[in-house]
Amino acid sequence: MDQKRILVIEDEKPIADILKYGFEKEGFEVACAHTGGSGLEKAEEYEPDMVLLDWMLPDIAGVDVCRMLTERYNIPIIMLTARGNVEDKLYGLESGADDYITKPFDLREVVARVRTILRRFDRVRGIRQEEPAAEGLTVSEQERMVYRNGEAVELTPKEYDLLIYFLKHPRQVFTRVILLEQIWGYDYAGDTRTVDIHIQRLRRKTGLGDKLVTVFGVGYKYVP
């Protein structure tokens, strides 16, 4: 894996320093910002491959920063927060985050999750550039972009990975647990409702509402 750039947006400087030290020790480049506003500016300047984003920031809520980042860039985001209940986790994921780590955390786990997400982000392949994927839908693998009737569809990294996975396995039924393992990683400890949320967003954004089929009591399948 090429050297990757990590942007840490964390208002508690000791935590930001620990993350910076740990990731630099693992061979990453790391930049830090301590407010939501400076984090947004740094993202534009630094062009990170991954963002570690604190939920509680002094100026802008982390979930709002997450929404702004996903609207502007196609980069994975991990939320870091002391909030541990399921509702908060789902809220963070609905805001565009790709993963969620609760404080206090083990630095080794954070590094492992970042590596897993970055590998998956780089690995999703198999559809040629500008290959028609469905009626009105086109995928550019090189850009990691999806176009609907010629207009770019703004997908989060997880939404993109999930869509590609379905396109590569037409008519195959997947349980929510299998989708979590394949898209989020075998060690992902999130709620299976995460899958439902992402499916709903894919249906709305891509227009594949009648093609991403719910198999009641089992999971989902893509029917071309």
Side-chain angles (χ1 to χ4, degrees), residues 43-44 47-51 63 66-79 90-100 116-186 188 190-224:
E44 182 174 2
E47 298 183 350
D49 299 292
M50 165 74 75
V51 176
V63 289
C66 185
R67 289 194 188 96
M68 295 177 196
L69 288 172
T70 55
E71 286 173 0
R72 301 177 189 179
Y73 312 106
N74 185 29
I75 52 176
I77 300 170
I78 294 179
M79 297 289 294
L90 292 174
Y91 184 39
L93 293 168
E94 287 174 341
S95 301
D98 296 275
D99 204 349
Y100 191 108
T116 297
I117 290 174
L118 287 175
R119 279 197 301 267
R120 191 172 299 110
F121 190 87
D122 289 338
R123 190 178 65 228
V124 175
R125 294 294 184 268
I127 296 181
R128 297 189 302 275
Q129 183 177 6
E130 299 301 326
E131 178 175 334
E135 185 176 353
L137 207 63
T138 302
V139 172
S140 172
E141 182 271 333
Q142 182 175 351
E143 297 176 297
R144 281 184 62 93
M145 286 293 297
V146 175
Y147 298 91
R148 182 181 179 186
N149 298 322
E151 297 292 328
V153 180
E154 296 298 328
L155 299 179
T156 68
K158 278 292 182 292
E159 290 169 356
Y160 177 87
D161 291 348
L162 186 61
L163 175 63
I164 296 301
Y165 192 74
F166 276 118
L167 294 178
K168 291 171 65 176
H169 300 88
R171 297 185 176 85
Q172 187 171 343
V173 179
F174 297 101
T175 67
R176 292 169 177 80
V177 172
I178 288 176
L179 291 172
L180 282 174
E181 292 174 349
Q182 295 297 320
I183 306 303
W184 280 262
Y186 69 91
Y188 182 73
D191 192 283
T192 55
R193 284 180 291 177
T194 298
V195 175
D196 300 330
I197 292 169
H198 281 72
I199 293 291
Q200 291 169 12
R201 291 203 303 238
L202 274 180
R203 286 170 171 163
R204 184 181 70 252
K205 292 181 178 182
T206 64
L208 294 178
D210 59 341
K211 297 182 184 298
L212 290 176
V213 179
T214 300
V215 182
F216 292 101
V218 183
Y220 298 95
K221 67 178 178 179
Y222 165 66
V223 180

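The model shown is predicted, which means the values in this text are computed figures rather than measured ones.
Side-chain contact check for Tyr222 versus Leu163: every heavy-atom pair is 4.5 Å or farther apart. Using a 4.5 Å heavy-atom threshold, the side chains of Leu208 and Leu202 count as separate. Side chains of Ile197 and Arg201 form a contact here, defined as non-hydrogen atoms less than 4.5 Å apart.
Here OG1 of Thr175 is found 9.5 Å from CD of Gln182. Values are rounded to the nearest 0.5 Å. Note that NE2 of His198 is 10.0 Å distant from CD1 of Ile183, once rounded to the nearest 0.5 Å. From Arg203, atom CZ reaches atom OG1 of Thr214 across 4.0 Å, with rounding to the nearest 0.5 Å. Put simply, CZ on Arg148 and NZ on Lys205 are 12.0 Å apart, with the number rounded to the nearest 0.5 Å. Atom CG of Leu162 is separated from atom CG of Leu212 by 7.5 Å, given to the nearest 0.5 angstrom. In this structure, Ile117 CD1 and Asp49 CG are separated by 12.5 Å, a value rounded to the nearest 0.5 Å.
Every residue meeting the side-chain contact (heavy atoms from CB on, under 4.5 Å) condition with Ile75, not counting sequence neighbours, appears here in chain and number order: Pro48, Val51, Tyr73.
What you find for Val223 and Lys221 is that their closest heavy atoms are CG2-CE, 3.7 Å. Closest non-hydrogen pair, Ala152 versus Met145, comes out as CB-CE, 3.5 Å. For Ala97 against Cys66, the heavy-atom pair with the smallest separation is N-SG, 3.4 Å. Looking at every heavy atom in both residues, Pro157 comes nearest to Pro76 through CG-N, 3.5 Å. When all heavy atoms of Met50 and Ile78 are compared, the pair lying nearest together is SD-CG1, 4.1 Å. Between Thr70 and Glu154, the shortest heavy-atom distance links the atoms O-OE1, 4.4 Å.
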- Message: Pair Asp99, Trp184 - check side-chain contact (heavy atoms from CB on, under 4.5 Å), show working.
- Response: CA-CA 8 Å; Asp99 204 349; Trp184 280 262; 5.5 Å; no
- CA sep, side-chain torsions, deciding dist, call: Met79, Val63, side-chain contact (heavy atoms from CB on, under 4.5 Å): CA-CA 8 Å; Met79 297 289 294; Val63 289; 4.1 Å; yes
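Between Tyr220 and Phe166, the ring center distance fails the sub-6.0 Å criterion.
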